Structures are given as C-alpha cells and as structure tokens.
Student: 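This is the structure I have questions about; it appears just below.
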Amino acid sequence: MVKFKERILVTAALPYVNNVPHLGNLVGSHLPADIYARFCRLKGYDTLFIGGTDEHGTPIEVAAKKEGVLPRVLCDKYYKLQKKYYDWFAVSYDNFSRTSKPIHHDITKEFFSKIYKNGYIFDDVLKLPYCKKCERFLPDRFVEGECPYCGQGARGDQCDHCTKLLNPDELINPYCIICNNKPEIVETKHLFLDLSKLSPKLKKWIIKNKHWKVNVRNLALGWIKEGLKPRCITRDLKWGVGVPIPEFKNKVFYVWFDAPIGYISSTKEWAERNKKDFKKWLTGSTKIIHFIGKDNIPFHTIFWPGMLIAEGGTYNLPWQVAGLEYLNFEGRKFSKSKSRGIFLNNVIDLEFEPDIWRYYLSTILPETSDTDFSWDEFQARVNNELIGNLGNFVNRILTFINKNFNGKAPKSDKYDLYDKKVLKNIDEASRISGELLYTLRFRDSLREILHLSSIGNKYFQDKKPWENKEKSSTTLYVCLQIICKLGVLITPYLPNTSEKIKKQLNLKDLGSWDKGIGVKPSHKLGKPEILFKRIEDKKIKELKENFGGK
RNA sequence: AGCGGGAUGGAGGAGCAUGGAGUCCUCGUCGGGCUCAUAACCCGAAGAUCACAGGUUCAAAUCCUGUUCCCGCUACCA
C-alpha cells in the first residue's frame, strides 16, 4: 500500500437536473464515489469529495418552457430534490454545487479564455435546423420525420428502425418535436475545440495510464485511433454560460464544455467557504478520481483531459477514471417513460433504510459488466448476508455479553492458538479489503469484510461459549474486537450501521481503517439492538407487483 | 455498419494480461449438527461439454481464427 500521505479528490458525475434519478444513476457514480471517499478518509488520506448538478442545456430550457417557468426555477426544484435524495442515501459530499452558480460561470469563462488564447479554438459556420415558432435552433434529436431509407418514423440523428445514421436535413416531412412545426435550415456560426491538435498529447497520456481499467483505456484509445475531430462547444441557447467573445454574445457554451469545469468550480466553492487553498486540491500530487457511468467515458478520457491540456495545464489531469457499467432492472433497462425501475423518489418512501439499499447495491455494483437489480436477490442478499451473517453476529455477541457479563466487556485470559488465529484474521481483513477497495474492487472488498463476520460466527460456534459461560470471557473478548473492526470496515458501505454499532459498543470513536480502537475489558457496553429488520416474503411480493416493470 | 466490452455448476461474480487437473467466492438445492442469536449459526454433499466451431500446444476458461447472442459508444441528448 501507499506510504506517503495521499491527497485525493473524489468526484461523482454531475447529474443532469431535468428529472428524478433512478437506482442506476446512483450506482453508476454517487454510491461508488461515496464509498471510495469514505474509505480514503478512514485511511487518513487528505480527502475531498465534490459534486453538483449539471443544469444547462437544451432539455432544461425546453422543459422549463413547457412548464411555463424560467429554467432557473426548474433547476431549483430538481436541485433540491436531487440533493435530498443523495443526503438520504448518506452520500457524503463535501460540496454539492450547481453549474448555474456565478462562481461556475466565472471559472468557465476564464477557462475558455485560456484555451482561446492558446490557439485551440476556431470558428466555423454550421447549417442547423431552426424552428421559427419556438424561436430556437433544434438539436438533431429534437427534429423527427420519416426516414429517407426505410420510410418509417425517425429522429434527426438516427433511424431506430433501420439504424441508419441521419442528418436532420435528410428527413422527409421533418417536424419540431416541441411544436410540430416544420423547421428550416439556417446558417449559424459556432466555436470549435480543435481536438485533432490535442490528439498526440492525449494519446501519450492515455497510454501512460496503465492503472486504468481495461474497458476505459481501450475505449479511449479507440477514439484516438479513429481520429479526433474538432468539437463544437457552443450552442444557440439563452440558458447557459455566456461566451465571453462579443461576436458570440448571443450564444452559450455547450453543456459538455462547461459541465466538467464544474469539478473545478465546486472545489473552489468549497475552498472559499472553508478558507482553504483550492489549487492545492487540483494541482501537484493530488490524485483526481472521477466516478462515472460508461456512457461518460469518452468525455472524461478525451474531451475533458483535452480541455485541461488546451487550457495550459494549470490543473491535474484525471488520475483515475472509474467508468462503471450499467445497472438493469429485472433484466431490462430502467425507463422513466415506461415507468420501469425504481426511482429515488420511490426509494425514500419505501420502508427500507438507506443501508439496506447501500448493501444490496454495493454487492451488484457494475464494475466489469452490466448487472441486474432483482427483488428476489435483494431479499436474499439482505436476509442471508447482511442480516444472517453480519447482523446476527453483532447481535448474538452483544446479547450474550449483556446477559452473561452484565453488559461489560469481558476480560481476555490466555489466548489459545485459535484465539490468536482469529485476532490475526482481524488485521488481515482490513489489509486485504483495504487493498481491494483502493484498487476499486468494491464487491470483493465488501465480501472480504463479510468474511470476517463469517469467521466470527464460526469461531463462536466452535468455542460453544453457551456451554461454559464462566470460562468464555476470552472468546467473547475476541468477538468484541471483531465487532469493533467490522464497525470500521463497513463504514464506507454502511455508514449508518457503523454508527449504530458504535453506539451499541458505547464508544465515541472506532478508530481508523488500519488502527481500530478496540474495546477495553470492563468497558460498559450500550444496549444491544437488532441492526436490520428481515425482509418478509409478503413485502417482496408486494414490491414486485408495484415495481415489477413487466 | 464501425469501434469497445461481455457470455464460467440452478442464479450472480472472480479467474484470462504472464496457459498447468474446472479452481475460488456469494446465494440457492439436498443431508446432518448446534441452540447464544433476527427460523439466524456451523459441518458435509450433489451440481459445469467454461456461448459455439476450428486451430496452436505435452497442456487452453486463459492464446489465435471464425460464428452466434447481449450491452455500450459512434462526436448536436447529456
């Protein structure tokens, strides 16, 4: 493991604020980012975990217009909701900002000006569909019509029937999906980021990053291999970050230009509030790690690093791009329009506490390939692993001590070989699970932690303390140390449960990842309580009916 | 269509870079044990042509070629 003091900036993908996120969104970035950030803190690393909402772009401007409100109002609404959900899930953001804040606009303009000065920007004229009635240019997907190849209904970017890629001007009988009027093609001048110029530097950098996951690295190299093209970074919208060039004063930046700069502005906002030096967190030895869904990989391995290079290298390039795959729901995609899946507004109204969700979701984090949410598995994992293994171990030990040792931590006598072996297992658990977590192997790490609890269950069973209650103090003492360690190790995954354990042990602090604070003999313990309620078959049946998604 | 990823006992995963007896993990199933604990815990067993077809090799889940199926991306959705 790492010897020097690490400084790590953890980010989760900035969620777009036009809707309510679903479990897949949570699992793809916020949850793993939170687990990682909490782990880093426990390891004693200098850790900052930032995020925020991505609030610009056409969909928001259009949605606001449909609701008859200003984009600002719509964003306020969804920002509050999203913040509420992430708080509920105990996502421990140090700062959860918004790209609509002035600090973000200022930094984006400054960032752009540097790229501009460094010669990576040029302008060009585009012919784009314009809707007179809506008084706006339309993104390709906002124009629909008949496919020129198969005659079926198609969007302006692609025909879903024959999968041909299209341009909006190819469509027959095109119409604006907002107002159904026929759009016309109008010339408009835009700014472009010259990615082709950045390609050699990007390639060199990507190849160097051997610690990236294979899928992330290959995808990035694939883009380089195909040849990077200049990317348009402005849009004809009103809602967004204004372009600081007089000729383009009626345009705003493309959301994907300004969104990643949100990582910088959110960090700066946090630093200003806490009177810290924000550059410390974005330069020098700081390792920046981005947690994102797989659809986001090109943006974080190509465009964003390209922007950072073009800016002149003020800020560190990402150290790690943790691209996660997708979570499906009962074998199919989450879909808002088909109301299939579980959305976060549903989740907080169901009776399960956050750690129940966090546990199951952690066991199905899509680290290497897409995974599937299933109610049956949800119930089985929670009942058998979380409750049967961990919850039961903690409860059986604390109850036993409460009944037979007057609620005070027993004394340890002479250790036999078995006792010693188990004590050694405690140290091994934090070492092994720590190494796994550091290298982003969340599921393996969690399994290792549960394994410790399993060792505890077996140890208790083998020692049969119930047969000889007076002579069992060493066994119970060892078991208590296991609980202490478990309390620490589960913190990244189950922060609320860790708190509960701490309370039941009547300790103020459980210590760090590597150096736990054990329980001293005669220490008065708290009241043992059941950690989680079992999930009944009836409940699962009911949930399947409500959220079957069939 | 192109590019990238994937297919492993009934379910889900790891293993593949650097070939070495189908090896491991979680769950399920079957049999037994225990009774401190939330019908929880512990032990044992059954169960697999490693997607398919070829090839390289003394040896292939792992390397090569082809095929099928699933997922993502392809730059103006974000």
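Being a predicted model, the structure only gives us computed values, none of them experimental. Letters A, B, ... mirror the listed sequences (proteins, then strands); counts begin at 1.
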Student: Side-chain donor-acceptor pair under 3.5 Å between A:Y263 and A:H300, yes or no?
Tutor: yes
Student: Less than 4.0 angstrom between a side-chain N/O of A:K294 and OP1 or OP2 of B:C71, yes or no?
Tutor: no
Student: Using a cut-off of 4.0 Å on non-hydrogen atoms, how would the nucleic acid contact of A:T58 be classed: base, sugar-phosphate, or nothing?
Tutor: sugar-phosphate
Student: If only side-chain N and O atoms of A:T371 are considered, is one of them under 4.0 Å from the OP1 or OP2 phosphate oxygen of B:C71?
Tutor: no
Student: Using 30° and 60° as the class boundaries, would you call the ring planes of A:W256 and A:F299 parallel, tilted or perpendicular?
Tutor: parallel
Student: In dot-bracket form, 5' to 3', how is RNA chain B paired? Count Watson-Crick and G-U wobble pairs only if both distances fall under 3.5 Å, and write | where the partner sits on another strand.
Tutor: ((((((((.[[[[[)....(..]]]]].(((((.......))))).....[[[[[..)....]]]]])))))))....
Student: For the pair A:S266 (side chain) and A:G51 (backbone), establish whether a donor and an acceptor sit closer than 3.5 Å, ignoring hydrogens and angles.
Tutor: yes
Student: Base, sugar-phosphate or nothing for A:F532? Non-hydrogen atoms, less than 4.0 Å.
Tutor: base
Student: Does a nitrogen or oxygen in the side chain of A:K403 sit under 4.0 Å from OP1 or OP2 of B:A37?
Tutor: yes
Student: Is the shortest side-chain N/O distance from A:N384 to OP1 or OP2 of B:G28 below 4.0 Å?
Tutor: yes
Student: Assign A:D372 to base, sugar-phosphate, or nothing according to its heavy-atom contacts below 4.0 angstrom with the strands shown.
Tutor: nothing
Student: Take A:L531 and A:Y359, find for each the nucleotide of RNA chain B with the closest heavy atom, and name the residue whose nucleotide sits nearer the 5' end.
Tutor: A:Y359
Student: Please work out if A:F142 contacts a base, only the sugar-phosphate, or nothing of the nucleic acid, heavy-atom cut-off 4.0 Å.
Tutor: nothing
Student: Partners of A:S196 by side-chain hydrogen bond (donor to acceptor under 3.5 Å, both in side chains), sequence neighbours excluded?
Tutor: A:D194
Student: If we ignore hydrogens and angles and just use 3.5 Å, is the side chain of A:T439 paired with the main-chain N or O of A:L436 as donor and acceptor?
Tutor: yes
Student: How do A:E367 and A:N395 order along RNA chain B: which one's closest nucleotide is nearer the 5' end?
Tutor: A:E367
Student: With a 4.0 Å cut-off on heavy atoms, is A:L228 in touch with a base, just the backbone sugar-phosphate, or nothing at all?
Tutor: base
Student: Side-chain N or O of A:R231 less than 4.0 angstrom from OP1 or OP2 on B:C76?
Tutor: yes
Student: For A:F299, which contact category applies under a 4.0 Å heavy-atom criterion: base, sugar-phosphate, or nothing?
Tutor: base
Student: Which part of the nucleic acid does A:T99 contact within heavy-atom distance under 4.0 Å: base, sugar-phosphate only, or nothing?
Tutor: nothing
Student: Answer with base, sugar-phosphate or nothing: what part of the nucleic acid does A:G227 contact at a heavy-atom distance below 4.0 Å?
Tutor: base
Student: Please tell me if A:R443 has a side-chain N or O lying less than 4.0 Å from either OP1 or OP2 of B:A14.
Tutor: yes
Student: Indicate whether any N or O donor in one side chain lies under 3.5 Å from an N or O acceptor in the other, for A:T99 and A:H104.
Tutor: no
Student: Contact class for A:I364 vs. all strands (heavy atom < 4.0 Å): base, sugar-phosphate, or nothing?
Tutor: nothing
Student: Counting any heavy atom closer than 4.0 Å, what does A:L450 reach on the DNA or RNA strands: base, sugar-phosphate only, or nothing?
Tutor: nothing
Student: Taking any heavy-atom pair under 4.0 Å as a contact, classify A:K333: base, sugar-phosphate, or nothing.
Tutor: sugar-phosphate
Student: Can you spot which of A:L191, A:D258, A:V243 makes a side chain to side chain contact (heavy atoms under 4.5 Å, CB included) with A:I233?
Tutor: A:L191
Student: Taking only N and O in the side chain of A:R396, is any of them less than 4.0 Å away from OP1 or OP2 of B:C36?
Tutor: no
Student: Parallel, tilted or perpendicular: which one describes the rings of A:Y360 and A:F378, with boundaries at 30° and 60°?
Tutor: perpendicular
Student: Under 4.0 Å, heavy atoms only, any strand: does A:K229 hit a base, just the sugar-phosphate, or nothing?
Tutor: base
